[in-house]
**Student:** 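I'd like to ask you about the structure that follows.
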Protein chains: 2
Amino acid sequence: MTDAGHESRRKLLDAALNVVRARGYTATRVEDICSAARLTKGSFFHHFKTKEELALAAAERWGAVTGALFAAAPYRQLSDPLERLLAYVDLRKALIRGELAEFTCFAGTTTQEVHQTHPAIRDACGATIRQHSGTLEADIAAAMRQYGVGASWTVESLALHTQAVIQGAFVLAKATQDPAIAIASLDHLRRYLELLFRSPQAQEERT
Amino acid sequence: MTDAGHESRRKLLDAALNVVRARGYTATRVEDICSAARLTKGSFFHHFKTKEELALAAAERWGAVTGALFAAAPYRQLSDPLERLLAYVDLRKALIRGELAEFTCFAGTTTQEVHQTHPAIRDACGATIRQHSGTLEADIAAAMRQYGVGASWTVESLALHTQAVIQGAFVLAKATQDPAIAIASLDHLRRYLELLFRSPQAQEERT
DNA sequence: GACACCGTACCTACTAGTCGGTATGTTGGC
DNA sequence: GCCAACATACCGACTAGTAGGTACGGTGTC
């Protein structure tokens with residue numbers, strides 16, 4: 001799937017990613033996506049049977065694009081797992097710039113909107129979030145071993161917590177129209193991770 | 001405003017709060033709200049000129065209802081400001097039960113969906129979030145003084161961070177259809193607050 | 001000429017908002 | 001006490017416009 005010959009299909013998906021993040025899923029018309037992709041409805045319904053099918057494909061593409069971005073990031077080469085984790089947060093901070101629709105998360109935005117009405121889209125978006133969250137778990141587990149931090153919380157829960165902070169930071173940024181608030185929240189997340197792994201008190205937690 | 005004689009108006013607002021949280025703002029029809037309130041469109045457009053005007057009034061009501069809830073909570077009587085802050089998180093955890101649409105946040109959900117398309121609704125929701133966040137600032141400031149914690153972060157940013165975690169926890173809960181994940185994230189938030197105010201390392205931060 | 005691809009025109013279901021109408025008070029003059 | 005006049009609250013059928021989806025025709029490529 002996603003062969004080389006599907007240039008228009010890719011254009012439609014990328015257009016959908018941008019327009020839906022700006023306008024929301026329900027409020028974006030398929031014509032909005034078509035005009036953003038400089039195509040027409042004929043092309044749209046040639047590639048996708050329904051609007052919902054496009055959303056599912058867009059969620060899949062979102063996971064692929066973001067997955068490739070973080071997998072190829074330079075910080076992945078750091079030897080210390082905690083350093084990798086902190087560098088991940090730094091990268092997320094660095095990505096917060098420009099327009100809201102450009103740096104916010106398609107999966108989080110969409111799943112929040114349609115979680116009740118479109119279960120298939122919700123599951124597709126949820127899967128990308130969980131998958132992305134899962135990429136952090138190896139580093140968290142390694143950092144736990146290396147820094148001798150106890151197990152009053154699980155690896156999975158901390159990975160998901162980082163995603164919650166990021167998603168929540170986006171919500172706040174939209175509510176206040178101020179990306180700086182999102183960055184400040186990621187600073188708090190970073191401070192939490194440092195305290196969690198480096199403070200003596202946390203290391204005594206070996207229950 | 002919100003006199004005793006506006007029973008139907010209040011019913012419509014409460015119905016909107018529930019239906020919009022479940023279905024999203026754009027996807028909910030005014031008829032959905034009417035039938036949930038056991039009223040008709042005639043009544044609806046008697047009380048509100050447009051659907052957007054209802055959303056603005058609903059945001060205001062959301063702020064009033066939640067504001068009253070937390071202002072009247074027993075934990076407000078605790079003498080230690082840090083204890084009040086931690087008890088706030090505990091209360092937020094305790095409120096996470098039942099259906100998603102019952103415990104998630106109208107303001108956060110709606111602002112995320114319409115932030116670009118309906119600036120007035122976004123601002124109304126954003127105002128309730130900021131206002132609620134502001135109610136935490138006095139306790140945070142008092143805890144900073146009492147526990148001698150340094151100022152590498154601002155009172156406002158920590159208050160907003162708690163809201164970001166809460167909003168993000170809701171997003172994750174919707175994405176995964178698992179409220180337990182939201183609770184686990186609030187556990188991490190609580191742990192952060194404890195580390196921030198109680199760990200020796202954090203207290204050395206007096207810059 | 002078969003097929004993938006894409007454009008234009010059109011169909012149809014749906015929905016925000018309108019409009020005439022009814023019912024229920026409420027005020028004030030006598 | 002009564003009634004005219006008016007305001008408020010509500011109902012439900014209707015309208016105008018919108019948006020998802022379809023039909024079909026054209027074009028390039030193999």
Side-chain angles (χ1 to χ4, degrees), chain A residues 1-59 61 110 113-114 116-121 124, chain B residues 1-20 22-59 61 110 113-114 116-122 124:
Chain A
M1 48 191 81
T2 325
D3 303 314
H6 290 59
E7 187 73 9
S8 295
R9 181 186 154 94
R10 191 191 51 72
K11 276 188 189 174
L12 287 166
L13 288 174
D14 286 341
L17 252 28
N18 289 322
V19 179
V20 169
R21 278 189 291 174
R23 299 244 194 281
Y25 173 73
T26 310
T28 64
R29 306 168 302 165
V30 312
E31 285 190 1
D32 293 335
I33 297 169
C34 292
S35 65
R38 296 180 177 278
L39 289 166
T40 61
K41 291 174 75 170
S43 178
F44 183 97
F45 284 102
H46 172 73
H47 291 289
F48 309 102
K49 273 213 289 285
T50 64
K51 184 186 175 185
E52 178 163 359
E53 190 180 297
L54 162 90
L56 296 176
R61 177 158 177 83
T110 306
E113 180 185 345
V114 305
Q116 192 93 285
T117 50
H118 297 74
I121 299 176
Chain B
M1 50 191 76
T2 326
D3 304 313
H6 290 59
E7 187 74 7
S8 295
R9 183 185 153 94
R10 192 191 51 73
K11 275 188 188 172
L12 287 165
L13 287 173
D14 286 341
L17 252 27
N18 289 323
V19 180
V20 169
R23 299 241 193 282
Y25 173 73
T26 310
T28 63
R29 307 167 302 164
V30 311
E31 285 190 1
D32 293 334
I33 297 169
C34 293
S35 65
R38 297 181 178 279
L39 290 167
T40 62
K41 290 178 74 171
S43 178
F44 182 97
F45 284 102
H46 171 74
H47 290 288
F48 309 102
K49 273 213 290 287
T50 64
K51 184 184 174 186
E52 178 163 358
E53 189 180 297
L54 163 91
L56 296 176
R61 178 160 177 82
T110 305
E113 180 185 346
V114 306
Q116 191 92 284
T117 51
H118 298 74
I121 300 176
R122 175 242 294 156

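Per chain, numbering begins at 1; letters A, B, ... match sequence-line order. Below, each value reflects all heavy atoms present in this structure, side chains not excepted, and no hydrogens, waters or symmetry copies.
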**Student:** Pick out the pairs of N or O atoms, protein on one side and nucleotides 25-30 of chain D on the other, that lie under 3.5 Å.
**Tutor:**
none

**Student:** Which residues in residues 37-55 of chain B have a heavy atom closer than 4.0 Å to any atom of DNA chain C?
**Tutor:**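 Correct list: K41(B), F45(B), T50(B), K51(B).
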**Student:** How would you list, by chain and number, every residue that makes a salt bridge (Lys or Arg N to Asp or Glu O under 4.0 Å) with E52(A), sequence neighbours excluded?
**Tutor:**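 E52(A) satisfies salt bridge (Lys or Arg N to Asp or Glu O under 4.0 Å) with no other residue.
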**Student:** Ignoring hydrogens and angles, write down the donor-acceptor pairs under 3.5 Å from the side chains of residues 37-46 of chain A, residues two or more places apart or on other chains.
**Tutor:**
none

**Student:** Testing the basics here: between L56(B) and A124(B), what is the closest heavy-atom pair and its distance to 0.1 Å?
**Tutor:**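 The answer is CD2-CB, 3.9 Å.
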**Student:** Please give, in whole Å, the distance from dT24(C) P to E7(B) CD?
**Tutor:**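 Taking CD of E7(B) and P of dT24(C), I get 18 Å after rounding.
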**Student:** Sequence neighbours left out, what passes ring-ring contact (aromatic ring centres under 6.0 Å, His included) with H47(B)? Give chain and number order.
**Tutor:**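 Checked H47(B) against ring-ring contact (aromatic ring centres under 6.0 Å, His included); zero matches.
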**Student:** In chain order, what residues pass the side chain to side chain donor-acceptor pair (under 3.5 Å) check against T26(B), with sequence neighbours excluded?
**Tutor:**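 Side chain to side chain donor-acceptor pair (under 3.5 Å) list for T26(B), sorted by chain: E113(B).
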**Student:** Between atom CD1 of I33(A) and atom OG1 of T28(A), what is the distance when rounded to the nearest 0.5 Å?
**Tutor:**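 Taking CD1 in I33(A) and OG1 in T28(A), the distance rounds to 4.5 Å.
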**Student:** What side-chain donor-acceptor pairs closer than 3.5 Å can you find for residues 12-23 of chain A, not counting sequence neighbours?
**Tutor:**
residue : atom : partner : partner atom : Å
D14(A)  : OD1  : R61(A)  : NE           : 2.6
D14(A)  : OD1  : R61(A)  : NH2          : 3.3
D14(A)  : OD2  : R10(A)  : NH1          : 2.9
D14(A)  : OD2  : R61(A)  : NH2          : 3.3
N18(A)  : OD1  : R21(A)  : NH2          : 2.9
N18(A)  : ND2  : D14(A)  : O            : 3.3
R21(A)  : NE   : L17(A)  : O            : 3.1
R21(A)  : NE   : A101(A) : O            : 3.2
R21(A)  : NH1  : A101(A) : O            : 3.3
R21(A)  : NH1  : E102(A) : O            : 3.2
R21(A)  : NH1  : T104(A) : O            : 2.9

**Student:** Going by number, which of residues 22-32 of chain A have a non-hydrogen atom under 4.0 Å from DNA chain D?
**Tutor:**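 Contacts with DNA chain D under 4.0 Å: T28(A), R29(A), V30(A).
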